Amino acid sequence: MNNRLLIIGGLTSLALVLVIAYLVGFWAWIFLGVVALLLVALAIWDTTQRRHSILRNFPVVGHMRYLLESIRPEIQQYFIERNVDGKPFDRDQRSLVYSRAKGQDDHKAFGTERDTNRIGYEFLIHSTAPVPTPQPLPTVRVGGPDCRQPYDLSLLNISSMSFGSLSKNAVLAMNKGAGLGGFIHETGEGGLTKFHRGNGADLFWEIGSGYFGCRTEDGHFNPERFAEKATLPEVKGITIKLSQGAKPGLGGVLPAAKVTPEIAEAREVPVGVDCISPASHSAFHTPRQMVRFIGQLRELSGGKPIGIKFCVGSRTDVLAMCKAIWAERIAPDYIIVDGSEGGTGAAALEYQDNVGTPLTEGLMLVHNALVGTGLRHMIKIGAAGKIISGSDIVKRLIQGADFTLSARAMMMATGCIQAQKCHTNHCPVGVATQNERLMRALDVDDKANRVHNYHKLTVREAVQIMASMGVSSPSQLTTRMLRRRVDHLTTRSYASIYHWLREDELLHEPPRGWDADWREADPDHFGEHAPISYLQGDGPRWRTELTVETSALPLHDLQIAERSKDSDGEGTPEEPDAGTRQPERVSVGAGRGSGGTGPDSAGGRGPGQGAGRNAAEGGGQGSDEGTPQPRTGGEPPVRDAAPAAQGTEMNRGTRRAETGSTPVVSDAPRPEGRPGS
């Protein structure tokens, strides 16, 4: 039926075209002839190419599928999505940013479109006796006991975005907006550039594993170069980036073709050479080394605030950092927690969807760890990840943050339309591109005013919400003021849903659920490394106390059959009194941490993993007569290994075979990001 309709429709269209051509005259026939020849050529190409199956089966008309697919995001965003359906940010959220950035009315009529009965819906508790909105707007002082130049932060700041990820016009607009509003602009790990300076903005200089802007020729940290920039007056603090929310634990490669002269100047790397950003830092490898590095940066910067930024992974790692802080008596001045819902210019879908801890859980974990170890009073916490409205700020303050940072909201204030083409170098509004033609459309002065407006109105709204809740300072917010619907009939406050640690609780009596991680946390190791209980012991052995029948024969008959088999020369005729064979015991291997004999061996540390720690926190001696076994990463696996006898060029990995018209991906490091990312 469908084919008949297609044929009828095609013939009808052809007849109509012929009638029009007849009426128009000779030139119409020439035009139709040229079009027909082009369509025939296209049809021949479609049927002979091997890349697209649809075009081979449906030449010419199959191109309609790819045309519709190319405009699908726009159709979805503008005609299909409801106001509250879009991801990562829905239409209501984007409209809020746009209206505030332009200084327009951001009110909405006729009530909420959110489903307030949905499980997971959260709401703030207002007061029957609201208080006046405080003036001036509150700020947060960042600076621990060793900081000689503390700084007062706004409740909302620009989160880290590198030049290269953003165009120079976007960086200039945000920087000027931060200067107008008096809030912090984080540079991103792409380096402290000329576009970040001279506009009146205060900066937090972010340093990643590539040490861009303060690196040696081989990519290691350069103290002298760091000191030159860290002492600049506009640099108010330094952030050490351990990981990023959207792709934690992942480094990146900026291909040589994308390393332009401007980007090379900012990052202090050669032009036209691959720019490597490793997954981890070379300046430190353990929590203890990390806090010593913090102390080194504080001295080199003249006592400015030094912080760390990471997406929370293992709770053991966070507790290990706390132990290292106590052991070395060196603490960061602030910790920025990046949620896994945070954005990036480009990352694998598996990382964005499945790796890392969401901001709510990560933020509360870090807050609890610092409270439980007695460090919270001197370390401020920042929250980064989908902060877009005043209510978002208040929620994060209740969950444990002292201040917030936003990246994508500031991009939208600069003109971003969520086209999600950041990694293609084809951003239609010139925000995330290095294309001169596209970035020319972004007027720096106009967008700077928009960034300033958005920040001012959003912070003002956050403070107004707090006043409606009956508090005049963020320090008065409590976990009872944020509620969550846990089922269709019940809502509960954050105070009752989650367990909040008491001051110094981990130091004296770790609660159940935290005690195992606290025992395992080691200031000299990152990672979870407690031995697995079922791999402990003297080696594989039969458990004779179990009399489970494992075949059609009774267990006694199986044992007799085994003895008969051994007496025929295939085994040892002597058997234990119990009548069961005892296989030779083989050591499991020190890499797992063989079983301990101490009281904590079941859930504690393996041999050699508790050196330098209090004996009450570690496990007992292992099976290797107490000899410490160093923790190693083991031998790396060999991928695509070919047999030695097949020493061909292909098997040695120097080239890969191709199938059809689709080239096989090379073994080179995968580039991450877009031009300059």
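No experiment lies behind these values; they were computed from the predicted model shown. Numbers here are sequence positions counted from 1.
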Inset, instruction - Might you confirm whether atom CD of Glu509 has over 12 heavy atoms from other residues, nucleotides or ligands at distances under 6.0 Å? - result: no

Inset, instruction - Could you pull out the closest heavy-atom pair between Ile158 and Met174, with the gap in Å? - result: CD1-O, 3.5 Å

Legend entry - Atom CZ of Arg502: over 12 foreign heavy atoms under 6.0 Å: no

Inset, instruction - Any chance you could lay out the salt bridge (Lys or Arg N to Asp or Glu O under 4.0 Å) test for Glu328 and Arg288, step after step, and finish with the verdict? - result: CA-CA 7 Å; Glu328 296 294 324; Arg288 189 186 301 273; 2.8 Å; yes

Inset, instruction - For His126, look at atom NE2 and say whether over 12 heavy atoms of other residues, nucleotides or ligands are found less than 6.0 Å away. - result: no

Legend entry - Electrostatic pair Arg485:Asp115 at N-O distance under 4.0 angstrom: no

Legend entry - Aromatic centroids of Phe403 and Phe183 separated by under 6.0 Å: no

Inset, instruction - Would you mind listing every salt bridge (charged side-chain N to carboxylate O under 4.0 Å, His left out) that reaches into residues 369-382, with sequence neighbours excluded? - result: Arg376-Asp402

Inset, instruction - Please list all pairs passing the ring-ring contact (aromatic ring centres under 6.0 Å, His included) test where one or both residues lie in residues 72-109, with sequence neighbours left out. - result: none

Legend entry - Distance-only side-chain donor-acceptor flag, His525 / Thr286, under 3.5 Å: no

Legend entry - Qualifying residue, where the test is side chain to side chain donor-acceptor pair (under 3.5 Å) with Arg100 and the options are Asn453, Asp106, Asp105: Asp106

Inset, instruction - For residues Ile379 and Ala331, report the shortest heavy-atom separation together with the two atoms involved. - result: CD1-CB, 4.1 Å

Legend entry - Donor-acceptor pair between Ser162 and Glu189 side chains, under 3.5 angstrom: no

Inset, instruction - Answer yes or no: are there more than 12 heavy-atom neighbours, outside Arg72 itself, under 6.0 Å from its atom CZ? - result: no

Inset, instruction - Report yes or no: is the cationic atom of Arg315 (NZ for Lys, CZ for Arg) closer than 6.0 Å to the six-membered ring centre of Trp514, at no more than 45° off its axis? - result: yes

